[in-house]
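To keep things clear, I will list the structure first and then write my remarks on it.
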There are 2 protein chains.
Amino acid sequence: MDTPEISSGAQKVLDAAQELFAEEGFASVSVAAIADKAQVSKANIYHHFESKDKLYSAVLKAACSASAEMITMNAGQNDNYADQLSHFAKSHVLHLTDNPLISSLVIRGLLEESSNIDSPTNDLTANDFDCNFNRLVTLIKAGQEAGQLKKQCHPAAFATLMIGANILFMKARNVLGEVPDNEYPLDPEDFASTMIDILLHGVLTDQQEDNLL
Amino acid sequence: MDTPEISSGAQKVLDAAQELFAEEGFASVSVAAIADKAQVSKANIYHHFESKDKLYSAVLKAACSASAEMITMNAGQNDNYADQLSHFAKSHVLHLTDNPLISSLVIRGLLEESSNIDSPTNDLTANDFDCNFNRLVTLIKAGQEAGQLKKQCHPAAFATLMIGANILFMKARNVLGEVPDNEYPLDPEDFASTMIDILLHGVLTDQQEDNLL
DNA sequence: ATGCAAACTGAACGTTCGGTCAGCCGGTAT
DNA sequence: ATACCGGCTGACCGAACGTTCAGTTTGCAT
């Protein structure tokens with residue numbers, strides 16, 4: 001489409017901007033700081049990008065396309081929906097933890113209100129998020145129609161559970177060190193399988209389940 | 001303790017600052033904008049607060065204490081842990097949706113890196129978050145010891161699921177309008193009960209559960 | 001060698017930022 | 001009346017901001 005043929009110099013700027021924007025947000029990062037990090041002059045940034053806003057959009061666009069690319073290779077098309085959900089959860093949480101910069105940018109774009117930045121920026125992250133979210137929703141619906149997942153499970157609520165948990169896991173790993181006397185599962189794969197176990201089978205003991213009938 | 005007797009003028013400033021900081025973040029909001037919104041002069045803000053950083057800390061401190069106060073009235077001490085979890089989920093999600101400003105501030109403080117703002121600020125939100133998180137964790141452990149919740153359920157992972165889902169629900173309600181042909185559950189209480197149903201019983205059909213044995 | 005466009009820069013622009021200061025109010029104790 | 005003090009303000013400051021521009025360097029086609 002409209003790939004504006006990123007030069008090597010522009011790429012240095014993009015990389016530096018990505019890191020800084022992901023870590024501190026749009027408003028906290030000055031163009032001078034980006035220039036410093038990229039080891040170019042401030043004016044050079046304006047040679048490649050027409051404004052700070054447009055640079056941010058470019059960073060976000062790159063992050064979103066990288067994000068989409070990484071999650072596309074999911075597939076695994078088998079007819080066991082428990083496996084498919086498990087696979088989705090694992091690859092999603094690994095995507096978040098392996099690419100914290102990209103993920104932080106997308107999440108930041110999602111959670112920030114419409115703000116001052118022009119609308120295309122917001123639509124970008126929203127679309128990227130919807131993409132993952134909707135793929136999970138359709139996966140659940142398919143599982144329901146195959147009779148493997150409960151009909152009364154609201155697909156969007158389930159997707160919110162899984163994706164919300166993964167995001168919190170990724171963002172709060174550093175903050176949650178001090179859970180009392182029970183170590184937090186720091187390994188993403190461990191977390192994903194623990195989470196999937198809960199989501200598939202619930203947390204009630206069998207005895208409690210029986211009492212309900 | 002050290003309640004610095006907030007005057008009515010200072011309260012106007014705090015209210016305006018809370019709203020703006022919650023909506024746009026620390027760096028995006030200028031002291032002049034806060035003064036405009038509070039209908040006071042910029043110098044007046046510096047009469048009540050010694051710097052923008054300190055004002056932000058004050059706003060965050062107020063938000064955290066309001067948050068703690070609101071969730072403390074949970075209790076309900078009954079011996080049915082399914083009910084207790086359900087009650088926790090409902091009051092938590094209602095707290096988030098009813099007080100979006102306070103919640104946004106705490107979440108923002110949590111998700112932002114150590115940043116430039118002095119450390120007490122970060123500790124503040126982290127403590128508030130830990131408070132909720134740990135209360136949920138101990139609730140789950142109690143349920144496990146009572147034999148009502150599965151022993152292999154990792155308490156911290158469960159807490160991450162529930163709290164992460166609630167946060168995403170609250171923050172993404174406006175973004176998630178377009179889930180295809182299945183309306184998103186916009187009512188917080190509906191969402192909480194749907195979520196709890198999944199967490200307690202899992203999403204696998206009974207027939208699928210039997211196949212695993 | 002010459003030309004030319006693109007990559008790049010130092011220095012400056014006007015604006016906005018966080019923060020300061022001298023001074024004006026209105027009440028209140030002397 | 002006077003002194004005083006907290007609440008409050010307009011005018012101002014230096015620094016940092018995003019942005020521009022004239023001009024230099026680089027690389028490549030001729």
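- Across all strands shown, B:Val13 has no heavy atoms under 4.0 Å from either base or sugar-phosphate atoms.
- Side-chain contact between B:Arg135 and B:Asn132 is present, with heavy atoms from C-beta onward closer than 4.5 Å.
- Looking at which nucleotide of DNA chain D each of B:Ile45 and A:Val29 is closest to, the 5′-most match is held by B:Ile45.
- Whole-Å rounding puts the B:Gln11 CD to D:dG7 C1' distance at 16 Å.
- Looking at A:Lys52, its side chain has no donor and acceptor atom pair within 3.5 Å of the base of D:dT19.
- Where A:Ser30 and B:Ser41 each meet DNA chain D at their nearest nucleotide, the meeting point lying more 5' is that of B:Ser41.
- Across the protein-nucleic acid pair, B:Lys12 atom NZ and D:dG7 atom P stand 13 Å apart, rounded to whole Å.
- For the pair A:Asn44 CG and D:dC21 C1', the interatomic distance rounds to 15 Å; values are reported in whole Å.
- A:His92 and A:Phe88 have parallel rings, their planes meeting at less than 30° on a 0 to 90° scale where 60° marks the start of perpendicular.
- Using bins of under 30°, 30° to 60° and over 60° for the plane-to-plane angle, the ring pair B:Phe26/B:Phe21 lands in the parallel bin.
- In this model, the phosphate group of D:dG7 is approached by a side-chain N or O of B:His47 to a distance below 4.0 Å at OP1 or OP2.
- Going from atom OG of A:Ser67 over to atom CZ of A:Phe129 covers 11.0 Å, rounded to the nearest 0.5 Å.
- To the nearest 0.5 angstrom, B:His154 atom NE2 is 9.5 Å from A:Ile198 atom CD1.
- Of the two residues near DNA chain C, A:His48 and B:Lys42, the one whose nearest nucleotide lies more 5' is A:His48.
- How far CD1 of A:Ile107 is from NZ of B:Lys171: 12.5 Å, rounded to the nearest 0.5 Å.
- From the 5' end on, the contacts that DNA chain C makes with chain A at under 4.0 Å to a non-hydrogen atom open and close at C:dA7 to C:dA12.
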